[in-house]
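Quantities reported herein were computed from a predicted structural model and do not represent experimental measurements.
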2 protein chains.
Amino acid sequence: MTGKRTREGSGRVKLEAVASAAKVSTATVSRVFNEPDKVSEAIRERVKEAARALNWIPNAAGRALASSRTHIAGAIIPTLDNEIFAHQIGGMQAVFSNAGFTLFLGCSNYDPLEGLRQAEAMLARGVEAIALVGENHPEELFAALKARDIPYVVTYSYSKLSEHPCIGFDNRAAFARITDHLLSLGHRRFAGIFQPVANNDRVAARLAGVREALAVADRQMPDENLLIGPSTLEFGAESFSRLMTREGEARPTAIVCGNDNIALGALMAANALGLKAPTGFSITGFDDLAISSRFTPRLTTMKVDNQAIGTLAASELLAVVAGHKTRPQSKEIVPVLQVRDSSGPLA
Amino acid sequence: MTGKRTREGSGRVKLEAVASAAKVSTATVSRVFNEPDKVSEAIRERVKEAARALNWIPNAAGRALASSRTHIAGAIIPTLDNEIFAHQIGGMQAVFSNAGFTLFLGCSNYDPLEGLRQAEAMLARGVEAIALVGENHPEELFAALKARDIPYVVTYSYSKLSEHPCIGFDNRAAFARITDHLLSLGHRRFAGIFQPVANNDRVAARLAGVREALAVADRQMPDENLLIGPSTLEFGAESFSRLMTREGEARPTAIVCGNDNIALGALMAANALGLKAPTGFSITGFDDLAISSRFTPRLTTMKVDNQAIGTLAASELLAVVAGHKTRPQSKEIVPVLQVRDSSGPLA
DNA sequence: CTGAAAGCGCTTACAG
DNA sequence: CTGAAAGCGCTTACAG
């Protein structure tokens, strides 16, 4: 009879119901929750009471549409299977949640296009800020972020030269450092066991760090001494066996592994072969996993505070969202070398 | 001059711009992307072209408000520090993403109230479905889910008796199973090293499983043989030392650990003390972490496909959201006993 | 400090 | 198959 259209609606309690229950306008209800100082205490209490009584949960879509704010942030990581990213997300999640932000999580599985796809889904849903692991993303993604003026940070890797705000550490410097450690122990024949370099700027930088440190010492790592494969205990183990069963000069004395997982695999193979580092050879890792310091032999590695990377990234992003700064500030986290039993003097 | 109000807006390209560029109504643009079959091909192409040219990304808030659909799902887990939950989330994320859903992640740190808080934030943001680890959540949470008719599943734990749809395994049965294994090996003096039971229905069920199996065999685990503490290698190690330095009858021969991490710690302590399972004692874990089958001695444990729990949970939730069923179907994942070197005949 | 009402960017019932 | 326009549930510029 009336010209009214019929619409489904959500069927939920809405702000309007709270307003009429508290006998105030919808504007006032909104203010009570968003700018409480602008409302007199008596009314404030009345409205809160009504909201509680009706069990009102604000509809974020309405809020987002009216205010162009969503209180959502996003993070894109390669995979949760690696505890370093899991810890990073854990730290991030806590800080965001504490600030009233809910976190979208996307995993690219090391496929930049998949990362792009997921980031776009997040943008469509109005994320106010986004964190990306590494710089290895399609230019398109960074362009979209800039076009919409969405603050972002690149995490895990850090470089002074980067055009992006980054929170992490210098992978190249870290591996130059660990190589120097082995060099200072007298090692001259180096081998490397690394995860794939494709789509992974962090691993590429690590290798560059090793090569750079060796070059300074007038050394180098022959191609046949660099084994690349999956970041698994197995690959570490089989690579170690392949390397150490070589004869004479072909056998390395220092094996730099791309991370602790690979190094632990190598150490297991060594134990199985009855070889005990640091006698005759040294092995190093990277990450300092919980188990690395308790394994026999204890693994020489570098410790990174991944959770701190996550909390710092979230804090910087929130500061920009809140308008405290215009751009997230880059922060360098310095990995700490942990010299333990798996590395020692050449002799 | 005009009575118009000034509003900020998002400043972004909107559907309206696409409509006028393609010389069609906004209704048609919307249909092109949501019900393409209802639009003639010529117009469809024209609109898509215009959208592409303008680089339009739909505003999800507008869409959500008008359609009451957000294409967002949520998951609440205790922590990402434990790889079992990380794997579960990894599986879930992939399935959701594939279906056009973006995933909210919340970590409760084993605090039910924190989990409730984060779940409420997700509800406010319109999640269409939610996955929760375990049943240990405030009744309020389940009530809110039911009131809003949001499909949910409880993951990781499984019980036929549960009033909730659950996808996981029977923790009680699994630990009864592992206890039976030790019993069948001739062990009679049992000890346990477990993580805290508070707010963790899974751990409570595990302990119940051990006790139940022992009771059937007319045995029991004395209070002083049950050590409870953090799920760390350290706690596993120190607990082992404490247990195994006891004299005579007070020293257990079978140690059931709450998970692999604790068991690995115990094994490390054993190695340090020069004790080698399964000579004189047996140790079991739970999870079958990557390292467990390669440690020396290889750990007897139970393997759970956590990723499958995640993918199944997401699939069930999506089926409900899509209207294919009214309620997620419970699914039991059966853990597989992996008998290895850390357990053996008593004598 | 408070309210009436326009507007955020979409979808969809209705009409043709 | 297509369009005009109401409506989704909030926020906020404006007026008082």
Side-chain angles (χ1 to χ4, degrees), chain A residues 1-20 22-47 51 54 56-71 123-126 128 148, chain B residues 1-20 22-47 50-51 54 56-71 123-126 148:
Chain A
M1 315 306 130
T2 93
K4 285 261 176 186
R5 302 266 178 98
T6 344
R7 274 241 158 181
E8 280 260 355
S10 58
R12 296 202 234 144
V13 174
K14 46 195 203 184
L15 179 144
E16 206 186 347
V18 177
S20 55
K23 301 192 192 310
V24 295
S25 69
T26 57
T28 297
V29 176
S30 176
R31 284 189 202 105
V32 167
F33 294 97
N34 296 315
E35 306 166 293
D37 296 344
K38 296 193 178 172
V39 181
S40 68
E41 196 183 330
I43 292 200
R44 209 190 302 151
E45 287 314 312
R46 211 163 79 210
V47 169
L54 291 170
W56 173 63
I57 301 190
N59 177 318
R63 190 183 189 195
L65 197 53
S67 67
S68 25
R69 297 230 29 199
T70 59
H71 298 275
L123 287 175
R125 287 163 182 72
E128 294 189 42
R148 306 170 139 240
Chain B
M1 315 306 135
T2 92
K4 283 264 176 186
R5 301 265 178 99
T6 344
R7 271 242 161 180
E8 279 261 356
S10 59
R12 297 202 233 146
V13 174
K14 45 195 202 183
L15 179 144
E16 205 185 349
V18 176
S20 56
K23 300 193 192 309
V24 295
S25 70
T26 57
T28 297
V29 176
S30 175
R31 284 190 202 105
V32 167
F33 294 96
N34 297 315
E35 306 166 293
D37 297 344
K38 296 194 177 171
V39 181
S40 68
E41 195 182 332
I43 292 200
R44 210 190 303 152
E45 287 313 311
R46 212 164 80 210
V47 169
L54 292 171
W56 174 62
I57 301 190
N59 177 319
R63 191 183 187 194
L65 197 52
S67 68
S68 24
R69 297 230 29 200
T70 59
H71 298 274
L123 288 175
R125 286 162 183 74
R148 305 170 140 241

Select from B:K23 and B:G62 the residue whose nearest nucleotide in DNA chain D is closer to the 5' end of that strand.
-> B:K23
Work out which heavy atom in A:L15 is nearest to a heavy atom in A:W56; give both atom names and the distance.
-> N-NE1, 3.2 Å
Identify which nucleotide among D:dC8, D:dG3, D:dT11 has an atom closest to any side-chain atom of B:L65, counting heavy atoms from C-beta outward.
-> D:dC8
Can you tell me the distance, in whole Å, between the CG atom of A:L15 and the P atom of C:dG7?
-> 19 Å
Minimum heavy-atom distance between B:A61 and A:L65, given as atom pair plus value | CB-N, 3.9 Å
Using atom C1' of each nucleotide, how far apart are C:dT12 and C:dG16 to the nearest Å?
-> 16 Å
Considering residues, nucleotides and ligands other than A:E16, do more than 12 of their heavy atoms fall under 6.0 Å from its CD?
-> no
Which nucleotide, D:dG3, C:dT11, D:dT11, lies nearest any side-chain atom of B:V24?
-> D:dG3
Separation of C:dC10 P from B:H71 NE2 (nearest whole Å) | 14 Å
Between C:dC10 and B:N59, is there an OP1 or OP2 to side-chain N/O distance shorter than 4.0 Å?
-> no
Evaluate the side-chain contact (heavy atoms from CB on, under 4.5 Å) criterion for residues A:R63 and A:R69: first the C-alpha distance (whole Å), next the side-chain angles of each, then the deciding distance (0.1 Å), finally the verdict.
-> CA-CA 7 Å; A:R63 190 183 189 195; A:R69 297 230 29 199; over 6 Å; no
Can you check the A:I57 CD1 to D:dG9 C1' distance for me, whole Å?
-> 14 Å
Which whole-number value in Å describes the distance from A:E16 CD to C:dG3 P?
-> 14 Å
Taking CZ from B:R69 and C1' from C:dG9, how many angstroms apart are they, rounded to a whole number?
-> 18 Å
Let me know the distance between CZ of A:R31 and C1' of C:dG3, rounded to the nearest Å.
-> 7 Å
C:dG3 phosphate, OP1 or OP2: any side-chain N/O from A:T28 under 4.0 angstrom?
-> yes
Can you see which heavy atom on B:V47 is nearest to which on B:F33, and at what distance?
-> CG1-CE1, 4.1 Å
To the nearest 0.5 Å, atom OG of A:S20 lies from atom CG of A:L54 at 8.0 Å
Atom pair distance, as rounded to whole Å: CD in A:E35 and P in C:dC1 | 12 Å
Once you round to the nearest 0.5 Å, how far does OG1 of A:T28 lie from CD of A:E35?
-> 11.0 Å
Which of the following nucleotides, D:dT11, C:dC10, C:dA5, is nearest to the side chain of A:R63?
-> D:dT11
Among the candidates C:dT11, D:dC10, C:dG3, find the nucleotide nearest to the side-chain atoms of B:N34.
-> C:dT11
Involving DNA chain D, stems made of at least three consecutive Watson-Crick or G-U pairs, both distances under 3.5 Å = C:1-3 with D:14-16, C:5-12 with D:5-12, C:14-16 with D:1-3
Identify, residue by residue, the members of residues 37-47 of chain A with a heavy atom below 4.0 Å from DNA chain D, and return them in order of residue number, or none.
-> none
Candidates C:dA5, D:dA4, C:dT11 - which lies nearest the side chain of A:A27 = C:dA5
Among the nucleotides C:dC10, D:dG3, D:dT11, which one has an atom lying closest to any side-chain atom of A:S67?
-> D:dT11
How many angstroms lie between atom CZ of B:R31 and atom OG1 of B:T26, to the nearest 0.5 angstrom?
-> 9.0 Å
Taking the side chain of A:K14 as heavy atoms from C-beta outward, which of D:dT12, D:dC10, C:dT12 is closest to it?
-> D:dC10
Side chain of A:T26 - closest among D:dC8, C:dA4, D:dT11 = D:dT11
Any sub-3.5 Å donor-acceptor pair from A:R125's side-chain atoms to A:T70's backbone N or O?
-> no
Smallest separation among heavy atoms of A:K23 and A:R46, with atom names | O-NH2, 3.5 Å
